[in-house]
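Structure record follows, encoded as structure tokens.
For the numbers below, each heavy atom of this structure counts, side chains included, while hydrogens, waters and symmetry mates do not. Note on naming: letters A, B, ... go to the chains in the order of the sequence lines (proteins, then strands), and numbering restarts at 1 for each one.
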Amino acid sequence: MAVAVLNPDLVDMVRRGSHDFNASACMNCGACSAVCPMGIQLLPRKLFRYVLLGMEDQVKENTETIYSCLLCKMCEVNCPGGVHIAENVRSLRHFINRQVFRL
Amino acid sequence: MPLPIGDTIGILADNLRQRRSVLPIPVRAATRWARGLNLPRGGETVMYTGLMFQLIPYIEAMSGAEERLGDSWLAGFTGLGRQVNKVVNISAFMARPSAQAQAANDQVLVNVALLLKQAEVDFGYLYEEELYSGALIYDLGVHEALVSHARKVYDVLKKHSVKNVITVDPHTTNMLRSVYPTIIDGYDLKVQSYLEVLAEKGLKPVKTLAGEVAIHDSCVFARYENVVDQPRDLLAQAGITVREPEDAGKYTWCCGGPAESLYPKKALANAEKRVAQLKKAVTAERAGGAEAGVETGITMCPICLVNLQKAAQESLRFQDISHYLRQAYCPQAEVK
């Protein structure tokens, strides 16, 4: 079984893209995935959990998913936890831009 | 041809840094719409286009080239390379916009200017000094490039002592009203979309229109900026019957446009779902006994319009809301 390498600084690194990053408000209910127009199953609940747990490799493996999000906020308007999903996704893009694409 | 995401974002960000737009267009193409309108330069209140409608014909032209190539219009960009683009503006050579598309998009801006005049709003325009808002770069998460660009936009507005900004499209509205205040200290501009201004001014129609339309809310207007009632009120006052699709208002279904720059096939699939909803909104009424209406979808955003029209082909005709508002609220003599 593969062992996940954890980066305890991952949340802080992602937060550099926006101080608004509030993934910890996610209750993992799945309403976001159910209403997503793009049918994205992973975003945002699993992805945000990866960030909170410091699973950097798993975040980077989901680059296409992160950039597929329409930022349309259909998930956000249905979220009972008040998670700033669109802004969180922008923060993840900022993280990938810097850490993967070296932009 | 799959798009290299990093190179694509890099090129767009480079363009914004070096050429002040993600897709640089000639000054003439950006300002042509205002010819003959005698709008003063600058002023306390300005109409700010953010170049969104002017950019669309160029994106459409590149999108046509994309279909021949097999994937995103940006694939051509990335094929030539980010390094080349730093020296030469590649977009200038990639595709020529159609005169018809340019005229249609320019007309939206003319409509808005005439409506504002009709509402007795005293406003100016920044002409060639007006800059793109940076919306795409914001969405793609290139924070540093956005901060630097937003500052340039703000400096131009302050140079002209602007206090009130009237926007046309939802993305520019969102950037200037909700995003810039979070990244520019002391940001003090009042920003409203023209739809809000017209509703607030209580503009009355000079002509009653007939017919029905299916309304498509922009996600950014509806969920980011709370612009939901104003377009409906303005259309209803004009005599238009507004049909609501299954997902409408705050719960509107995205046109898919935001995925166009990186994943055009996904964008198209999403737009097709939305077109089906909008068609159903019109035809359901017909099945209930009403006479066949004009099957028109109304949009408030240039990205929604181009993406939905592309998906609908000939099955549903889309018009920007200003097309109807101009007819109802402006005297014919002022209608171009």
Side-chain angles (χ1 to χ4, degrees), chain A residues 12-22 31-32 34-44 47 51 59-80 82-103, chain B residues 2-14 17 82 135-146 171 174 178-179 182-183 217-220 222-226 247 249-263 265-267 269-271 273-274 277 303-304 307:
Chain A
D12 290 334
M13 290 168 78
V14 171
R15 269 205 187 103
R16 280 174 207 151
S18 168
H19 299 300
D20 212 22
F21 189 80
N22 73 337
C32 50
V35 299
C36 177
M38 294 294 269
I40 298 173
Q41 291 300 309
L42 183 65
L43 268 177
L47 195 55
V51 177
V59 172
K60 290 178 177 174
E61 281 166 13
N62 285 287
T63 294
E64 179 163 344
T65 305
I66 290 167
Y67 288 93
S68 294
C69 173
L70 295 167
L71 302 171
C72 75
K73 285 196 179 182
M74 181 67 118
C75 50
E76 205 166 308
V77 80
N78 283 283
C79 175
V83 182
H84 307 145
I85 299 171
E87 198 54 34
N88 290 354
V89 171
R90 287 192 184 91
S91 298
L92 285 169
R93 289 179 178 180
H94 181 256
F95 169 77
I96 299 283
N97 287 343
R98 289 175 71 92
Q99 299 298 319
V100 177
F101 301 138
R102 304 291 169 193
L103 294 175
Chain B
L3 267 179
I5 300 172
D7 284 347
T8 304
I9 297 171
I11 286 169
L12 294 171
D14 290 342
R17 285 190 199 99
R82 188 178 166 197
L136 182 57
I137 287 303
Y138 170 60
D139 282 348
L140 291 173
V142 194
H143 187 68
E144 295 75 11
L146 174 70
H171 294 271
N174 175 243
S178 302
V179 178
T182 68
I183 54 180
D217 291 279
S218 137
C219 301
V220 177
R223 287 195 277 270
Y224 284 70
E225 296 300 328
N226 199 30
D247 296 307
K250 283 276 182 199
Y251 297 91
T252 185
W253 187 274
C254 182
C255 72
E260 172 73 17
S261 61
L262 293 177
Y263 303 106
K265 286 174 185 163
K266 290 183 184 182
N270 207 69
K273 284 186 206 167
R274 183 54 167 173
Q277 283 190 340
I303 297 172
C304 295
N307 221 48

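- Of the listed residues (B:Trp253, B:Tyr138, B:Tyr251), the greatest number of heavy-atom pairs within a distance under 4.5 Å of chain A belongs to B:Tyr138.
- Summarising the geometry of A:Tyr67 relative to B:Ile9, their closest heavy-atom pair is CE2-CD1, 3.3 Å, with the distance given to 0.1 Å.
- Using a 4.5 Å cut-off between heavy atoms, B:Thr182 makes no contact with chain A at all.
- For A:Arg90, the salt bridge (Lys or Arg N to Asp or Glu O under 4.0 Å) criterion is met by A:Glu87, B:Asp139, not counting sequence neighbours.
- By number of non-hydrogen pairs under 4.5 angstrom with chain A, the leading residue of B:Lys273, B:Glu144, B:Arg274, B:Lys250 is B:Glu144.
- Taking B:Ser218, B:Cys254, B:Ala222, B:Ala267 one by one and counting their heavy-atom pairs under 4.5 Å with chain A, the maximum is reached by B:Cys254.
- A:Ser68 and B:Lys266 make their closest contact through OG-NZ, 2.9 Å (heavy atoms, listed as atom of the first residue, atom of the second, distance).
- Of the listed residues A:Met38, A:Lys73, A:Arg93, the one with more heavy-atom pairs under 4.5 angstrom with chain B than any other is A:Lys73.
- Scanning all heavy atoms of the two residues, the minimum distance from B:Tyr224 to A:Leu71 falls at OH-O, 2.6 Å.
- Put simply, OH on B:Tyr263 and CG on A:Leu70 are 11.5 Å apart, with the number rounded to the nearest 0.5 Å.
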Are A:Arg98 and B:His143 close enough, and set up right, to give a side-chain contact (heavy atoms from CB on, under 4.5 Å), and what steps lead you there? CA-CA 10 Å; A:Arg98 289 175 71 92; B:His143 187 68; over 6 Å; no
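- The most heavy-atom pairs under 4.5 Å with chain A, out of B:Leu140, B:Asp247, B:Ile183, B:Val142, come from B:Leu140.
- Here the shortest heavy-atom pairing between A:Met74 and B:Arg223 reads N-NE, 3.4 Å.
- The candidate from A:Val35, A:Val89, A:Asn78 with the greatest count of non-hydrogen atom pairs under 4.5 Å with chain B is A:Asn78.
- Atoms SG and CG, from A:Cys36 and B:Asn270 in turn, are 8.5 Å apart once rounded to the nearest 0.5 Å.
- The distance from the CG atom of A:Leu103 to the CG atom of B:Asp14 is 8.5 Å, given to the nearest 0.5 Å.
- Applying the salt bridge (Lys or Arg N to Asp or Glu O under 4.0 Å) rule to A:Lys60 yields the partners A:Glu56; only residues at least two apart in sequence or on another chain are considered.
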